[in-house]
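Notes follow the structure.
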Amino acid sequence: MSNPEAQAAQAAHLALIEKLDIHSIHKTFRRPDWRPNQRRNKNIKAILGDASRKEASVIATPQDDSGAVTPAMDDGLSSSGTSTPAVPSSASGSTLQPNLAQASRSLSKLVLEKSLNAASSKANNGTSIFLGSTAPSATYTNIESAPSLAPQKRYCDVTGLPAAYMDPKTRMRYHNAEVFAMIRNLPQGLGEQFLEARGAHTVLK
Amino acid sequence: MAPSATEEMGSRREVWKTLPEPTLYPVKEAKFEKFVPPQVDGHERALAQGGGNASIIIDNGSSSVRAGWSFESKPRLAIPPIMAKYRDRKLGRTFSFAGQDCYADTTAKSHIRNAFEAGTGIVSNWDAMEHVLDHVFLKLGMNGVEGAIDMPIVMTEAVANLPYSRKSMTEIIFECYGAPGLTYGIDSLFSYRHNKGSTGLVVSSSYSATHLIPVYNSKAMLAQAIRLNWGGWHAGEYLLKLIKLKYHTGFPGKLNTSQTEQMVKDFCYVSLDYNNELSHYLDWTGLEDRERIIQYPYTEEVVVQKTEEELARIAERKKESGRRLQEQAAKMRLERLMKKEQELEYYKDVQRKLVDQNKKETRRLLDDAEVKDEAHLERLVKDLERSIKKARTKDLGEPEEEQAAPDFSLLDVPDDQLDEAKLKQKRQQRLLKSNHDARARAKAEKEAEKAKVEEEARRDEERRINDLEGWLEDKRQARLAKLAQIKERDRLKADLGNRKSLASQIRMKNIANLASDTPAGAGGRKRRRGGDDDDFGADDADWGVYRSVAIGANKGDSDDEEEGDEDLEAAVRSLEADLLEYDENFNYEQTLDAQKDWTKSLLHAFRYGPRPFDPGSAAETHRIHLNVERIRVPEVLFQPSSIAGVDQAGIVEIAGDILTQRLPGIAGLNRDDFLRDIFLTGGNTLFQNFDERLRISLKPLLPAESPLVIRRASDAILDAWKGAAGWSSTPEAKRAMVTKEEYQEKGPEYLKEHDMGNAF
């Protein structure tokens with residue numbers, strides 16, 4: 001850092017960084033008393049796990065105990081259609097079906113939802129009613145596409161070309177003899193990486 | 001191979017020279033551009049619009065967060081949802097950045113955190129999300145507003161967002177930023193609305209996932225929506241994996257997903273007929289047009305060219321020092337020679353004096369000279385004479401005369417005629433003679449060998465001249481035999497990896513034999529010879545056992561094995577050289593080298609394209625050749641499980657399922673209404689041919705005469721934001737907004753359903 005050019009560049013860089021920095025800026029639009037939950041960062045797996053645990057506990061305890069859950073939730077008010085009218089409103093908790101959406105439902109939501117629904121049904125000539133009320137609610141997990149039923153094509157793991165053969169030793173698919181020779185000369189473990197790109201690698205648990 | 005094919009191949013070695021210079025594309029990756037100053041004017045204009053008419057629109061996408069004002073036609077800023085925060089210990093300060101600013105500094109770069117869970121549209125890092133929102137509000141000129149954001153916010157979220165994620169976001173918007181109102185919507189539905197769609201199938205392939213959502217009368221049928229977990233992020237990761245495997249022997253450039261995502265955008269396209277196009281993708285003809293070469297930055301190794309003068313000086317210096325050494329050595333030799341000559345002079349003098357002396361005097365003289373007896377003296381003189389002569393011949397270049405055979409006279413005399421001293425001398429002579437004979441024998445053998453080789457070459461030559469056909473046939477046979485040997489060797493080598501193979505079994509038997517006290521395997525040979533003596537090693541071939549044992553033991557350092565390879569291949573090469581010279585039916589194409597030539601190699605075409613590859617060139621080793629990948633990566637959307645191992649149906653199958661199974665099951669719907677408007681949006685649908693391919697693939701799934709209209713969003717990337725902006729001022733949007741009061745009364749999980757958003 002002895003030459004002046006480098007020093008100037010560093011100074012300029014520092015100035016830029018200070019200009020870009022948003023830590024030192026006092027943000028007036030933020031509420032100073034905002035104290036978020038320290039453990040709010042959860043990945044999807046944890047969120048789904050927590051939700052299903054919560055759901056299980058809701059089923060186990062009589063539902064009128066908790067104020068958060070509506071006592072008469074299955075009276076067909078929901079536009080999302082998760083309601084199951086077969087369950088009597090005086091239900092003991094055991095007859096409740098395990099449903100993620102139901103488990104986290106609150107009374108207030110139901111009421112307001114109903115009013116909104118009424119409003120929109122007026123606006124849309126009732127189309128939204130029949131669409132909404134017959135369908136089960138969409139959740140993050142149940143809208144995932146199912147595995148394919150179509151016959152699977154086979155492609156070479158190395159070149160991506162159509163593969164007519166499979167090496168029984170490494171389980172890799174290959175296009176021709178040259179690729180096969182290459183596969184057989186791969187260093188230890190690399191074959192698994194090729195398989196991993198296709199999701200066919202062995203997972204040790 | 002057909003002759004014409006051979007010819008074509010042969011010319012390929014020359015043909016590439018006629019190809020134009022390859023087009024090289026530079027590497028592109030996400031980088032810092034410039035400082036964006038806060039824009040206060042937007043806020044002022046928003047305030048001027050009057051209460052509740054303007055709102056802040058945030059398209060909270062996993063590739064890019066786009067934010068702006070509802071009354072404008074496009075977002076004010078678009079930043080990646082990343083942040084970096086670190087403490088500079090030297091300055092004692094904490095820095096934090098969001099968006100592209102993270103790329104401005106190397107330390108910041110290494111601290112980048114993404115707000116979204118990798119490869120999904122779900123926010124999982126709320127600290128990062130808050131930073132990104134801070135950045136957005138700062139740049140929108142909200143700083144200065146006391147205590148809270150004074151504009152309602154319309155924000156996009158994932159299809160069927162998790163309740164927890166929505167709750168957390170709502171909490172942040174109301175508790176941290178104190179916004180007066182908040183509305184959530186789905187990006188692809190906003191995009192569809194912006195493109196004036198009312199009934200149709202929305203195919204949205206974005207950065208984190210691909211969704212297919214049927215929309216009826218502007219209302220999304222979310223219960224029929226399907227998600228495929230594949231988007232631009234996955235494509236980038238997949239291409240990175242493919243490139244790493246393609247150049248698994250070591251690519252010197254630094255690869256990252258930001259670059260590969262850019263490559264996917266720039267070079268990939270959807271194939272209209274995947275299997276057909278794929279099978280011919282690596283054909284030599286036209287490969288130069290199909291491949292895309294990306295040149296990574298490299299530094300050319302500079303070989304310092306020394307000038308003529310310098311080289312001469314260095315040579316001179318070397319010569320000089322050599323000469324000095326030589327001079328020194330010569331001087332020393334001369335000194336030694338002189339010393340020896342003096343000694344010789346002295347001993348000769350003694351000898352002269354000894355003549356005609358009595359015994360006593362002789363004894364005295366000999367003692368003075370420290371010599372045992374007269375014979376010793378004589379020997380000393382002789383030795384000195386010889387060594388002086390040798391030194392002379394060496395130093396002064398005098399010719400070496402043929403050494404006379406030593407004197408072996410005593411050998412023929414019987415022992416009993418000799419006295420003690422003579423017997424000793426005889427023994428010495430016998431030793432000398434055997435030495436002498438052995439040397440002569442070796443010399444003769446060497447000469448005989450030489451003569452034999454010469455004779456063989458001569459006979460070979462003679463045979464070639466007299467009987468060319470026979471000679472050629474022999475050479476051909478020999479070549480074939482060698483080739484077979486090479487093949488066999490390779491097979492054995494490959495077999496050693498297999499424990500059940502014959503090669504391995506033989507090897508194990510050898511090991512067991514060597515280890516056991518009574519070798520059983522050698523038994524057969526021994527019995528035949530009838531001796532009990534273990535004559536292991538007498539035959540040179542015996543030692544081959546250790547070799548065969550060692551090969552498998554450590555393949556890595558079997559040097560002699562390598563030599564063996566070289567031998568066989570060299571032999572083949574020399575035979576081929578003969579054939580090339582004299583056999584007119586044998587051309588270069590048939591040689592072993594030509595078989596292994598790059599023009600025959602599919603893998604060469606795959607890795608290095610239609611031109612030769614020079615591993616020594618830094619420029620060429622820093623190149624990535626994309627060919628099959630250009631269609632292979634986008635094809636994953638159509639065949640997720642067979643190409644990338646994503647165990648889900650492809651979009652054609654999903655669309656077919658929705659259109660032919662699910663929708664016809666709902667009473668009151670006309671499927672053809674959906675077929676009339678299949679709408680593509682999202683950055684991952686921008687591939688060339690995407691719409692055409694979808695049409696070609698969907699057609700067979702639908703009844704004949706069905707209408708099928710596929711259209712693209714006018715701006716697949718920004719339309720979601722624009723749609724949200726346009727929608728935000730409608731009465732429906734006003735109704736769907738959750739106000740702060742409602743939030744405070746009903747909690748963070750409260751949500752109003754509307755046409756553009758998720759159902760609860």
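A note on names: the letters A, B, ... follow the listed sequences, proteins ahead of strands, and every chain is numbered from 1.
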Counting only heavy atoms closer than 4.5 Å, note whether [X] contacts chain A via side chain, backbone, both or neither.
| X | value |
| --- | --- |
| B:His131 | both |
| B:Asp127 | both |
| B:Ser218 | neither |
| B:Lys244 | neither |
| B:Ile654 | side chain |
| B:Tyr177 | both |
| B:Ser641 | both |
| B:Val159 | both |
| B:Leu91 | side chain |
| B:Ile122 | side chain |
| B:Phe35 | both |
| B:Phe116 | neither |
| B:Glu117 | side chain |

(request) Please determine, by modelled atom types, if A:Tyr140 and B:Asn758 share a side-chain donor-acceptor pair under 3.5 angstrom. (result) no

(message) Under a 3.5 Å threshold, yes or no: a donor from one side chain and an acceptor from the other, between A:Thr28 and B:Asn143?
(response) yes

Below 4.5 Å from any heavy atom of chain B, which atoms of [X] appear? Answer side chain, backbone, both or neither.
| X | value |
| --- | --- |
| A:Ala200 | neither |
| A:Leu161 | both |
| A:Leu149 | both |
| A:His26 | backbone |

(request) List the steps, then state whether side-chain contact (heavy atoms from CB on, under 4.5 Å) holds for B:Glu130 with A:Trp34. (result) CA-CA 12 Å; B:Glu130 263 186 48; A:Trp34 165 241; 3.0 Å; yes

Below 4.5 Å, heavy atoms only, C-beta onward: do [X] and [Y] meet side chain to side chain?
| X | Y | answer |
| --- | --- | --- |
| A:Ile22 | B:Phe95 | no |
| A:Ser24 | B:Arg93 | yes |
| B:His248 | A:Phe194 | yes |
| A:Tyr155 | B:Ser642 | yes |
| B:Leu278 | A:Pro162 | yes |

First locate atom [atom1] of [X], then atom [atom2] of [Y], and finally report the distance between them rounded to the nearest 0.5 Å.
| X | Y | atom1 | atom2 | answer |
| --- | --- | --- | --- | --- |
| A:Ile143 | B:His211 | CD1 | NE2 | 4.0 Å |
| B:Ser96 | A:His23 | OG | NE2 | 6.0 Å |
| A:Arg198 | B:Tyr238 | CZ | OH | 9.5 Å |
| A:Arg30 | B:Leu138 | CZ | CG | 10.0 Å |
| B:Ile643 | A:Arg154 | CD1 | CZ | 14.0 Å |
| B:Trp230 | A:Ser145 | CH2 | OG | 14.0 Å |

Pairs of heavy atoms under 4.5 Å with chain A: top-ranked of [options]:
| options | answer |
| --- | --- |
| B:Ala98, B:Gly178, B:Ala104 | B:Ala104 |
| B:Gly144, B:Ala128, B:Pro731 | B:Gly144 |
| B:Leu603, B:Ile149, B:Val628 | B:Leu603 |
| B:Val636, B:Leu245, B:Asp647, B:Asp101 | B:Leu245 |
| B:Ile631, B:Ile226, B:Leu228 | B:Ile226 |
| B:Pro640, B:Ala84, B:Cys176 | B:Cys176 |

(request) With A:Phe29 as reference, evaluate B:Leu140, B:Asp134, B:Asp150 under the side-chain contact (heavy atoms from CB on, under 4.5 Å) test and give the passing residue. (result) B:Asp134

(message) Which heavy atom of A:Arg31 sits nearest to which heavy atom of B:Glu175, and what is that distance?
(response)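 Here A:Arg31 and B:Glu175 meet closest at CG-O, 3.3 Å.
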
(request) Kindly give the heavy-atom pair with the smallest separation between B:Trp126 and A:Asn41, and that separation in Å. (result)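 In terms of heavy atoms, the two residues are closest at N-OD1, 2.7 Å.
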
(message) Looking at chain B, which one of A:Gln193, A:His13, A:Lys19 has the largest number of heavy-atom pairs inside 4.5 Å, strictly under?
(response) A:Lys19

(request) Find the one option among A:Asp33, A:Asn37, A:Asn43 whose heavy-atom pairs under 4.5 Å with chain B are most numerous. (result)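 Of the options given, most contacts go to A:Asn43.
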
(request) Report, as yes or no, whether the 6.0 Å neighbourhood of atom CD on A:Glu5 holds more than 12 heavy atoms from other residues, nucleotides or ligands. (result) no

(message) A quick test of your reading: do over 12 heavy atoms of other residues, nucleotides or ligands sit less than 6.0 Å from OH of A:Tyr165?
(response) no

(message) Tell me whether the NZ or CZ atom of A:Arg40 lies within the 45° cone about the ring axis of B:Tyr164 and under 6.0 Å from its centre.
(response)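 Output no; distance or angle outside limits.
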
(message) With side-chain contact (heavy atoms from CB on, under 4.5 Å) as the criterion, how do A:Ile47 and B:Ser165 come out once you've worked through the C-alpha distance, each side chain's angles and the decisive distance to 0.1 Å?
(response) CA-CA 8 Å; A:Ile47 297 172; B:Ser165 303; 4.0 Å; yes

(message) What verdict does the side-chain hydrogen bond (donor to acceptor under 3.5 Å, both in side chains) test give for A:Ser148 and B:Gln648, after you've listed the backbone C-alpha separation in whole Å, the side-chain angles of each residue and the deciding distance to 0.1 Å?
(response) CA-CA 5 Å; A:Ser148 172; B:Gln648 292 188 299; over 6 Å; no

(request) List the steps, then state whether side-chain contact (heavy atoms from CB on, under 4.5 Å) holds for B:Phe32 with A:Leu20. (result) CA-CA 11 Å; B:Phe32 172 69; A:Leu20 296 176; 3.6 Å; yes

(message) Could you go through A:Glu178 and B:Lys600, starting from their C-alpha distance and side-chain angles, then the distance that decides it, and tell me whether this counts as salt bridge (Lys or Arg N to Asp or Glu O under 4.0 Å)?
(response) CA-CA 10 Å; A:Glu178 192 196 342; B:Lys600 296 261 168 53; over 6 Å; no

